[in-house]
Amino acid sequence: TWHWSEDDKFPIEQETAKDMASKFAGVSYSQEISEENKSEYGFGNDNAVISAKDKDGKEYKLTIGGSIAISGEDYAEVDGRNAVYAIDANLSLAFNKSIDNLLAKEPIEQVDNYDKINITYGDKSLDLTKDENGKWKCGGTELDAAKVTSLANSFFGLLWQDCDSYNADSAKKSERGFDNPTATVSISSDKDELKILFGKEEGDSFYAKLDGSNMIYTVSNDIKSKLSATADSLKPDETDEGNTEQT
C-alpha cells in the first residue's frame with residue numbers, strides 16, 4: 001500500500017501510484033550520448049528529479065532535461081553516470097502531478113435491492129418505500145418505479161468535485177455545516193445503506209460527505225432538483241384517455 005510520507009492519513013490513489021512506480025521501473029532509452037556539457041540538453045538548476053528506492057534500500061535517481069520535439073522524448077541523466085539519455089516522455093508525464101492529483105476520492109457504493117429512500121431537505125422530508133408487491137409508495141400514494149429508480153441513481157452517480165478536507169475534525173465539519181445538515185439522503189435495504197450528508201451551500205456548490213467519513217467534498221448544487229423531489233413529482237404521468245370530439 002502506497003502512502004504519502006508527509007501524512008500517512010492522506011488517501012493515495014493506489015492504481016496511480018502503482019502506474020508511476022511501474023513506469024519508473026520500466027524506463028529505457030533509445031540513445032545514449034556521452035557529453036560533458038549537459039546544459040545543451042536542458043539541464044540546469046530547476047530540473048525535475050525522480051528518485052526511487054528498491055526493497056533493499058538502494059536509491060535510483062533520474063533527472064529530466066529538455067524535450068526532443070521530433071521524437072517526443074525527453075533528455076535524462078542518471079545519477080552516477082556521465083551520459084545523457086533519450087527516454088520516453090511518458091515517464092515525466094506520469095510524475096508531473098501534485099499530491100492533490102494522487103488523492104483517492106471515496107466511491108459512492110450502490111445499494112443492492114434497496115427498498116427505502118428518505119430525503120430530508122430543509123424542513124421537508126420524503127419517505128419512499130417498496131411494498132411486498134414491488135410497488136413504490138409514499139404513504140398511500142403509488143409512485144412510478146422508473147422515476148424512483150432515476151432519483152436513486154442520481155445519488156448513486158453523484159460526482160465529488162474538489163476534496164475540501166481528507167481528514168476533517170469536528171471543528172471543520174461544524175464549519176462546513178454538518179452539525180445541522182442542509183439535506184440528508186438515505187437509500188437502504190435490510191442489509192446495507194448509503195447515507196450522504198449535505199452541508200452548507202456556497203456559490204454553486206454544496207459541501208457533502210458520506211455518513212461516518214472524515215472526507216468532505218464539494219458537489220454541484222444541481223442536485224437541488226433531486227433533493228426537492230416530492231411524491232407528486234414521482235407519480236405516474238397522466239394520460240388522456242378521454243373521448244376525442246369529432247367535427
Side-chain angles (χ1 to χ4, degrees), residues 1-110 156-169 172 176 205 207-210 212-220:
T1 302
W2 288 95
H3 300 275
W4 185 25
S5 59
E6 294 187 19
D7 187 348
D8 195 52
K9 292 184 173 61
F10 187 92
I12 290 288
E13 177 54 63
Q14 295 297 308
E15 290 305 314
T16 303
K18 288 176 184 177
D19 178 66
M20 293 166 71
S22 177
K23 282 186 169 59
F24 187 88
V27 66
S28 60
Y29 60 89
S30 64
Q31 60 176 312
E32 179 179 355
I33 307 163
S34 297
E35 181 59 56
E36 293 290 340
N37 187 9
K38 295 181 180 179
S39 62
E40 294 182 12
Y41 298 93
F43 295 99
N45 297 321
D46 58 351
N47 298 95
V49 178
I50 305 170
S51 63
K53 290 182 180 179
D54 63 20
K55 62 182 180 180
D56 297 320
K58 182 179 178 180
E59 186 174 22
Y60 304 82
K61 187 177 293 184
L62 188 148
T63 302
I64 305 295
S67 59
I68 310 171
I70 296 175
S71 65
E73 296 175 300
D74 289 329
Y75 289 118
E77 63 175 350
V78 178
D79 196 41
R81 299 188 187 183
N82 191 31
V84 173
Y85 301 89
I87 66 169
D88 195 312
N90 282 335
L91 180 68
S92 59
L93 291 173
F95 279 82
N96 187 21
K97 296 177 172 67
S98 69
I99 189 62
D100 289 341
N101 296 134
L102 291 170
L103 182 139
K105 296 177 181 178
E106 298 163 301
I108 297 178
E109 302 289 356
Q110 183 160 335
F156 291 139
L158 187 67
L159 296 177
W160 303 132
Q161 295 178 327
D162 296 327
C163 180
D164 176 68
S165 177
Y166 61 86
N167 190 30
D169 58 17
K172 173 66 75 172
R176 296 308 191 212
S205 299
Y207 292 110
K209 62 185 288 295
L210 296 176
S213 172
N214 291 329
M215 295 186 75
I216 299 174
Y217 309 91
T218 57
V219 298
S220 171

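Because the structure is a prediction, the values reported are computed rather than measured. No hydrogens, no waters, no symmetry mates; every other heavy atom, side chains included, goes into these values.
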Please evaluate residues L158 and V219 with respect to the criterion side chain to side chain contact (heavy atoms under 4.5 Å, CB included), reporting the C-alpha separation (whole Å), side-chain torsions for both, the decisive distance (0.1 Å), and the verdict. CA-CA 8 Å; L158 187 67; V219 298; 4.0 Å; yes
I'd like to know whether Y41 forms a side chain to side chain donor-acceptor pair (under 3.5 Å) with E77, so could you lay out the CA-CA distance, the side-chain angles of the two residues, the decisive distance to 0.1 Å, and finally the verdict. CA-CA 10 Å; Y41 298 93; E77 63 175 350; over 6 Å; no
Might you work through the side chain to side chain contact (heavy atoms under 4.5 Å, CB included) test for W160 and I108, ending with a clear yes or no? CA-CA 9 Å; W160 303 132; I108 297 178; 3.7 Å; yes
Step by step, work out the side chain to side chain contact (heavy atoms under 4.5 Å, CB included) result for D54 and E59. CA-CA 7 Å; D54 63 20; E59 186 174 22; over 6 Å; no
Full working for side chain to side chain contact (heavy atoms under 4.5 Å, CB included) between I12 and T1: CA-CA 9 Å; I12 290 288; T1 302; over 6 Å; no
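Side-chain contact between N96 and N101 is absent, with no heavy-atom pair separated by less than 4.5 Å. When side chains are defined from C-beta on, V27 does not count as touching N90, because their heavy atoms never get closer than 4.5 Å. Counting heavy atoms from C-beta outward, I64 and L62 have side chains that approach closer than 4.5 Å. With a 4.5 Å cut-off on side-chain heavy atoms, K38 and N82 count as touching. K172 is listed as a side-chain neighbour of D164, based on a closest heavy-atom distance under 4.5 Å. N167 places none of its side-chain heavy atoms less than 4.5 Å from the side chain of M215. Between I33 and Y85, the closest side-chain pair of non-hydrogen atoms is not below 4.5 Å. You'll find the side chain of Y60 stays beyond 4.5 Å of the side chain of I50, heavy atoms only.
Annotation for L93: atom CG counts as buried by contact number, over 12 foreign heavy atoms lying within 6.0 Å. The environment of W2 atom CH2 is sparse: at most 12 non-hydrogen atoms of other residues, nucleotides or ligands sit within 6.0 angstrom.
Between L210 atom CG and I216 atom CD1 the span is 11.5 Å, to the nearest 0.5 Å. In this structure, NZ on K209 lies 7.0 Å from CG on N214, to the nearest 0.5 angstrom. Note: L91 CG to M20 CE = 9.0 Å, rounded to the nearest 0.5 Å. Considering OG1 of T218 and CZ of R176, their distance stands at 10.0 Å, rounded to 0.5 Å. The distance from the CD atom of E13 to the NZ atom of K97 is 11.0 Å, given to the nearest 0.5 Å.
Counting only distance, with no hydrogens or angles, the side chain of D56 and the backbone of K58 share no donor-acceptor pair below 3.5 Å.
Between Q161 and S205, the side chains place a donor N or O and an acceptor N or O closer than 3.5 Å (distance only, hydrogens not considered). Of the N and O atoms on the side chains of S213 and E106, at least one donor lies less than 3.5 Å from an acceptor on the other residue. Defined by atom type and a distance below 3.5 Å, a donor-acceptor pair is present between the side-chain atoms of D74 and S92. Counted by atom type alone, T16 and D19 present zero donor-acceptor pairs between their side chains at under 3.5 Å. Neither side chain, Y29 nor D88, offers a donor N or O lying under 3.5 Å from an acceptor on the other. Side-chain atoms of S67 and E73 form no donor-acceptor pair, as typed in the model, at a separation below 3.5 Å.
The shortest heavy-atom contact between G72 and A89 is O-CB, 3.2 Å. Closest of all the heavy-atom pairs between G42 and N47 is O-ND2, 2.8 Å.
Ring to ring, Y166 and F10 are close: their centroids are under 6.0 angstrom apart.
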